[in-house]
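Here is how names work: the chains are called A, B, and so on, in the same order as the sequence lines, proteins then strands, and each is numbered from 1. Nothing here was measured: the structure is a model prediction, and the numbers come from that model.
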There are 2 protein chains.
Amino acid sequence: MPSPSPIDDPLITTFGRLLEASAKLERRLGASLHEETGLPHVWFEVLVRLARSEEGRLTMGALADDIALTTGGITRLIDRIREAGYVERHPCPTDRRVTHAVITDTGRGILDRAAVVHARNLREAFSGFDDATLSTLDTLLDRLRDAAAPPD
Amino acid sequence: MPSPSPIDDPLITTFGRLLEASAKLERRLGASLHEETGLPHVWFEVLVRLARSEEGRLTMGALADDIALTTGGITRLIDRIREAGYVERHPCPTDRRVTHAVITDTGRGILDRAAVVHARNLREAFSGFDDATLSTLDTLLDRLRDAAAPPD
DNA sequence: GTTGAATATCTGACACGTCAACTAACGAGG
DNA sequence: CCTCGTTAGTTGACGTGTCAGATATTCAAC
């Protein structure tokens, strides 16, 4: 007499596990990063993506999609990061609807320092994972991200 | 002359991927669930955990830990779910500091209906994953959750 | 017993993101 | 070229979670 209930579907459990794992990791590692560098983890994610992009710039829309925020959310997030002096807004010369967020030198400076700290914390948290496991994880996460894309 | 920059550490990328994948999946699947059943995804997660627990009850603290919210956040979340009639608060008879959140019959009803919908959506989203892959994923997620636990 | 540290929950003030409505600009057809 | 449908970004109103501090209770040590 095991439970025939729909709430025991294994996929529901797996999905719950995914959210729990990522929420807890972000809370813990995000807190460390913030304490040790003053940089909130979301800011870090924004700055990394800008720094890795051509000319350190990305459109608001592209950034919103990367970080999984709405465009309204990105507008406000960039407002705050800009007030801190880590990014600037540059109107796009060829399409006047679009605005680029561009990382500043100050932004690159704090980002580099934070990356060292963050990488160290990550290495500690993932100390039980060998290279092969990490590579498997990467593959799975890529497939999960794609699974979230609209079904068109 | 590849980039020797600390921001290119592969662990930073992996971690970013994890957050991106889970944020996008939650957004998409959470939206479907809410549209089709009226139940916000967080409510679903709360109700599942209660339904699976002994006597359909859990302390506020245990629930906060499961869902990865602060205790203040759980207080307010349970307030709202209670107003909808899906849970009740029961003071613990043996320790008067603790309160149990208890799922109601109404709560079990809507949960069962939502679980069917959610499981169907998950099956579609995870259609490219075979059983072995899912089991690998489960294992990895468990290890990730544990990696987030305090280092004591 | 009584004291004091620890634990469980709640609350006010506030930060952050969403949603929907709005402005502005692009671009394909007629 | 204009008009209309689409796309990019911003904004006001609001929902939800956090943080720090308050409250109540337990428990171990004296």
Side-chain angles (χ1 to χ4, degrees), chain A residues 19-20 22-24 26-28 30-35 38-46 57-84 87-102 150 152, chain B residues 19-20 22-24 26-35 38-46 57-84 86-102 150 152:
Chain A
L19 300 183
E20 188 183 341
S22 74
K24 288 184 174 169
E26 161 144 52
R27 186 180 291 271
R28 188 152 124 59
S32 301
L33 183 65
H34 194 189
E35 278 166 24
L39 206 58
H41 180 251
V42 207
W43 292 29
F44 180 87
E45 290 294 330
V46 168
R57 72 181 51 218
L58 240 32
T59 67
M60 300 297 276
L63 214 36
D65 185 65
D66 276 2
I67 311 292
L69 288 188
T70 61
T71 68
I74 270 292
T75 294
R76 298 189 146 104
L77 178 55
I78 293 296
D79 279 346
R80 292 191 299 272
I81 306 183
R82 194 186 58 71
E83 279 162 25
V87 301
E88 290 172 353
R89 274 192 169 83
H90 288 192
C92 174
T94 68
D95 183 339
R96 294 201 316 235
R97 289 170 303 180
V98 344
T99 301
H100 287 96
V102 188
D152 300 345
Chain B
L19 300 184
E20 187 183 344
S22 74
K24 287 185 176 171
E26 161 144 54
R27 185 180 292 271
R28 187 152 126 59
L29 292 166
S32 300
L33 183 65
H34 193 189
E35 278 166 24
L39 207 58
H41 181 250
V42 207
W43 291 30
F44 180 86
E45 290 294 331
V46 168
R57 71 181 52 218
L58 240 32
T59 68
M60 299 297 275
L63 214 36
D65 185 65
D66 276 3
I67 310 291
L69 287 188
T70 61
T71 68
I74 269 292
T75 295
R76 298 189 145 101
L77 178 54
I78 293 296
D79 278 346
R80 276 175 269 130
I81 307 184
R82 194 187 59 71
E83 279 162 25
Y86 301 151
V87 301
E88 288 171 354
R89 273 192 170 83
H90 289 191
C92 174
T94 68
D95 184 339
R96 294 202 316 237
R97 292 170 302 180
V98 343
T99 302
H100 287 97
V102 188
D152 299 346

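Judged by distance alone, with hydrogens and angles left aside, B:R76 brings no side-chain donor or acceptor close enough to the base of C:dT9 to form a pair under 3.5 Å. Not a single donor-acceptor contact under 3.5 angstrom links the side-chain atoms of B:R27 to the base of C:dT18.
Contact of the A:T70 side chain with the B:R27 side chain is registered, since non-hydrogen atoms from C-beta on lie closer than 4.5 Å. Looking at heavy atoms from C-beta onward, A:R57 lies out of side-chain contact with A:V87 at the 4.5 angstrom threshold. Proximity of A:H41 to A:E26: side-chain heavy atoms (C-beta onward) are separated by under 4.5 Å at one or more points.
Along DNA chain D, the nucleotide nearest B:P93 and the nucleotide nearest B:T70 are compared for position; the residue whose nucleotide lies closer to the 5' end is B:T70. In this structure, B:D95 and A:R96 both approach DNA chain C, and ranking their closest nucleotides by distance from the 5' end singles out B:D95.
Summarising the geometry, the separation between CH2 on B:W43 and P on D:dG15 is reported as 13 Å, rounded to the nearest angstrom. Here D:dT16 presents its C1' atom at 13 Å from NE2 of B:H34, a figure rounded to the nearest Å. A:D65 has its CG atom 13 Å from the P atom of C:dT18, to the nearest Å.
Backbone-only engagement by B:R80 is indicated by non-hydrogen atom pairs under 4.0 Å involving sugar-phosphate atoms exclusively. Note on A:G72: a base of the nucleic acid sits closer than 4.0 angstrom, heavy atoms only. Looking at heavy-atom distances under 4.0 Å, A:T99 makes contact with sugar-phosphate atoms alone, never a base.
For the pair B:R97 and C:dA6, the criterion of a side-chain N or O lying under 4.0 Å from OP1 or OP2 is not met. The shortest distance between the side-chain N/O atoms of B:T75 and the OP1/OP2 oxygens of C:dT9 is not below 4.0 Å.
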Salt bridge (charged side-chain N to carboxylate O under 4.0 Å, His left out) assessment of A:D65 paired with B:K24: CA-CA 9 Å; A:D65 185 65; B:K24 287 185 176 171; 3.8 Å; yes
